[in-house]
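Residue indices begin at 1 and follow the sequence shown.
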Amino acid sequence: MCRTSGVPEPAGAGDEASTDAAFTALLEDSAEDLYESAPCGYLSTMMDGTIAKINTTLLDWLGLDRDAVAGRKRFADLLTVGGKLYHETHFAPLLRMQGELRGIALEMRRQDGSRLPVLVSAVIKHGTEGEPLLIRITVFDASDRRAYEKELLHRRREAERARAEADEARRQAEADRARLADALAVLQRSLVPDSLPAVPGLETAVHYHTAAPDQLGGDFYDLFPVAGDRWAFFLGDVCGKGPEAASLTSLTRYTLRAAAHHDPDPASALSTLNAVLHERYTGDGNPRYCTCIFGIIEPGGDQGPTTVRLASGGHPPALVLRSDGRAEFLPTPGGLLIGVVPGAPIGTAETVLAPGDTVVLYTDGLTEARIGPARDDLYGEDALHAFATDHAPAAPHEVITALTGLLESFGDGLDDDTALLALGVPAAPSPMGPATHHTS
C-alpha cells in the first residue's frame with residue numbers, strides 16, 4: 001500500500017526509524033550549507049555586474065578563490081570572450097528589459113583556461129518601491145549536455161556526409177549507366193544496318209526493339225544486292241545476350257554476306273553459316289547457335305512477277321500479307337538451329353509476290369511476348385496470323401507501324417529483343433520511286 005502522498009509506506013519499525021533520522025538530518029541542514037553545496041552554481045551581483053556573493057560549487061567548478069572574486073570581478077569576467085560579447089549585446093539588455101532570463105547557453109572560463117559550458121538563469125531582485133537592487137544568477141553545468149549535442153552534431157554530419165557520398169555514388173552510377181547505354185547503343189547500331197538500301201521495284205521497312213538498353217541484343221537483319229538484279233536479305237536471333245552474343249552476331253552477319261556473294265542460294269548460305277559456327281564454337285565445349293531465315297528476292301518489275309526463295313534454320317516462318325486481304329505463313333519445316341550439328345537440315349520455301357503483297361520476317365520476341373493478366377500466356381503465331389489478316393493488304397511501312405504498336409501494347413510482357421523486316425511490291429507505281437522505312 002502507499003500513502004496518499006505517493007511515498008511508499010515503511011515496511012517495518014526499523015525502516016521507519018531510519019527514514020525519520022534522514023528527515024531530521026535534512027531539517028538540521030542549514031540554509032547556508034544548502035547554498036554553498038548546492039548541485040548548481042549560485043551568485044548574486046550588483047546591477048553593474050559586480051559579484052557580491054558566489055557559492056562554493058561554482059568556485060570549485062571554475063577553480064577560483066572566493067577572495068579573488070567577490071567584490072573584485074563582474075559576472076562577465078567569468079565568461080569566455082564570446083560569452084562576454086553575448087552578455088553585453090544580448091544577455092544584459094534583455095535582463096534589464098524583461099527582469100529575468102532562463103536557460104541561456106554560455107561558456108565560462110576556468111582558472112586553467114579551459115571552458116565550462118553552462119546554462120544560466122537570472123532574475124532581478126527589486127526593492128519595496130520597485131527599484132532594482134541586485135541580480136541573482138543560477139548556473140548549471142552543461143558539459144554532459146554539450147557533449148551529447150556534439151555527438152549528435154557529429155552523427156548528423158556523418159549522416160549528411162554519408163548521404164552526400166551516396167548521392168554522389170548514385171549520380172556517378174547514373175552517369176556510368178548513361179555512358180554504358182550510349183556505348184551499347186553505338187555498338188548495337190554497328191551490328192545492324194543504319195538504314196536499308198533502296199531496292200528498285202520494292203518497298204522496305206524495318207524495326208528493331210531492344211528489350212534491355214543496358215545489354216547488347218542478339219537479333220540481326222540485313223538487306224544487300226547480290227549477282228544480277230537479285231537481293232539477299234536475312235533476319236535472325238543468336239543465343240544469349242551481351243558481348244558474346246554481339247560477337248556471334250557480327251560473325252553471323254559477315255559470314256552470311258560473304259556466303260551470299262559466293263553462292264546466292266539461300267540453303268547454301270545457311271549451310272555455310274552452320275559449318276562456320278559449329279567449327280568455331282563446338283570445339284571449345286561452349287556451343288553457340290542461332291536461328292536464321294535467309295532469302296533471295298528478285299524483283300520482276302515490268303517484265304514479270306517478283307519471286308522470293310527462303311531458307312530457314314529453326315526460325316519462325318515468314319508471313320505474307322496478300323493484296324486480296326489474305327495473310328499466310330510460308331512454312332519452312334525441318335530446319336534445325338544453325339550451329340548445333342554439322343550438316344544441319346535447312347527448311348526451304350518459295351513464293352511469288354504480286355503488286356500489293358508484303359512479306360514479313362520477325363524474331364520470336366514477337367510471338368513469345370507474354371500476355372494476359374498474369375503474363376503467363378504467349379502471344380503465339382495464331383494471334384499474329386489473325387493480326388496480319390486484320391491489316392492485310394498493307395504496304396511494308398504500314399505493316400511495320402502496326403506491328404510496332406502491337407509490341408508497345410505488350411508493355412512489360414515484351415522481355416526479349418524483337419526485329420521486324422518487311423519487303424513488298426508496290427500496289428501501284430509511285431512517281432517518287434520506292435521507299436525505305438527504318439525505325440528503332
Side-chain angles (χ1 to χ4, degrees), residues 187-188 190-193 208 215-227 230-298 307-319 329-351 359 361-368 381 416-419 421:
L187 183 54
Q188 187 74 67
S190 72
L191 299 176
V192 293
Y208 190 97
Q215 284 190 330
L216 289 170
D219 291 4
F220 58 91
Y221 59 85
D222 209 345
L223 172 66
F224 53 94
V226 289
R230 292 173 296 180
W231 289 75
F233 60 93
F234 58 79
L235 180 142
D237 182 6
V238 305
C239 63
K241 300 276 187 188
E244 290 187 352
S247 174
L248 180 58
T249 297
S250 180
L251 176 61
T252 298
R253 283 193 62 218
Y254 290 112
T255 298
L256 286 175
R257 271 182 164 265
H261 284 292
H262 177 72
D263 183 355
D265 176 66
S268 177
L270 288 187
S271 294
T272 299
L273 177 63
N274 182 79
V276 169
L277 296 187
H278 186 267
E279 180 182 357
R280 168 66 179 81
Y281 292 103
T282 304
D284 61 4
N286 183 29
R288 309 287 290 175
Y289 55 87
C290 71
T291 67
C292 185
I293 187 166
F294 187 101
I296 295 292
I297 187 167
E298 189 170 353
T307 60
V308 177
R309 288 183 295 122
L310 296 174
S312 174
H315 199 81
L319 182 64
F329 287 111
L330 290 180
T332 49
L336 193 64
L337 291 173
I338 303 298
V340 175
V341 297
I346 305 296
T348 61
E350 186 171 336
T351 190
V359 60
L361 308 182
Y362 54 92
T363 54
D364 59 10
L366 171 59
T367 52
E368 293 182 1
E381 291 184 353
D416 194 8
D417 301 327
T418 305
L421 175 63

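- Between Val226 and Ile296, some side-chain heavy-atom pair lies under the 4.5 Å cut-off.
- Environment of CZ in Phe233: crowded, with over 12 heavy atoms of neighbouring residues, nucleotides or ligands closer than 6.0 Å.
- Counting all heavy atoms, side chain and backbone alike, Leu270 lies closest to Cys292 at CD2-SG, 3.8 Å.
- Atom CD of Glu279 has 12 or fewer heavy atoms from other residues, nucleotides or ligands within 6.0 Å.
- If you take OH on Tyr208 and CG on Asp417, they are separated by 4.0 Å, rounding to the nearest 0.5 Å.
- Side-chain contact check for Leu319 versus Phe329: some heavy-atom pair is nearer than 4.5 Å.
- Partner of Cys290 under the side-chain contact (heavy atoms from CB on, under 4.5 Å) criterion, out of Thr249, Asp237, Leu273: Leu273 alone.
- How far CH2 of Trp231 is from CD of Glu298: 13.0 Å, rounded to the nearest 0.5 Å.
- Side-chain N or O atoms of Arg309 include none that pairs as donor or acceptor with a backbone N or O of Asp265 at under 3.5 Å.
- At least one donor-acceptor pair closer than 3.5 Å links the side chain of His315 to the backbone N or O of Tyr362.
- For Asp416, the side-chain hydrogen bond (donor to acceptor under 3.5 Å, both in side chains) partners at least two apart in sequence or on another chain are Lys241.
- Considering all non-hydrogen atoms of both residues, Thr291 and Gly314 come closest at CG2-O, 3.3 Å.
- The side-chain contact (heavy atoms from CB on, under 4.5 Å) test with Thr252 is passed by exactly one of Asp222, Leu277, Val276: Leu277.
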Notebook entry, point to check: Phe294 and Ile338: side chain to side chain contact (heavy atoms under 4.5 Å, CB included), yes or no, with the steps?
Noted result: CA-CA 12 Å; Phe294 187 101; Ile338 303 298; over 6 Å; no
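- The minimum heavy-atom distance between His261 and Phe224, with the atom names listed, is NE2-CD1, 3.9 Å.
- Atoms OG and CG, on Ser312 and Leu336 in that order, are 10.5 Å from each other to the nearest 0.5 Å.
- The CG atom of Leu366 lies 12.0 Å from the CG atom of Leu361; values are rounded to the nearest 0.5 Å.
- Under the 3.5 Å distance criterion, the side-chain polar atoms of Arg230 are matched with a main-chain donor or acceptor of Ala227.
- In this structure, Leu248 and Cys239 have side chains that are in contact, with non-hydrogen atoms separated by less than 4.5 Å.
- Rounding to the nearest 0.5 Å gives a distance of 12.5 Å between CD1 of Ile346 and CG of Leu310.
- Contact of the Glu381 side chain with the Pro317 side chain is registered, since non-hydrogen atoms from C-beta on lie closer than 4.5 Å.
- Scanning both residues, Ala245 and Val238, for their nearest heavy atoms gives O-CG2, 3.7 Å.
- Put simply, the side chain of Thr363 gets close to the backbone of Ala419: a donor and an acceptor are under 3.5 Å apart.
- Put simply, CZ on Phe220 and OG on Ser250 are 11.0 Å apart, with the number rounded to the nearest 0.5 Å.
- Atom NE2 of His262 sits in a sparse spot, with 12 or fewer heavy atoms from other residues, nucleotides or ligands closer than 6.0 Å.
- Across Ala267 and Ala311, no two heavy atoms sit closer than the pair N-CB, 3.5 Å.
- The side-chain heavy atoms of Pro316 and Glu368, taken from C-beta on, include no pair separated by under 4.5 Å.
- The main-chain N or O of Val341 is found under 3.5 Å from a side-chain atom of Asn274 such that the two form a donor-acceptor pair.
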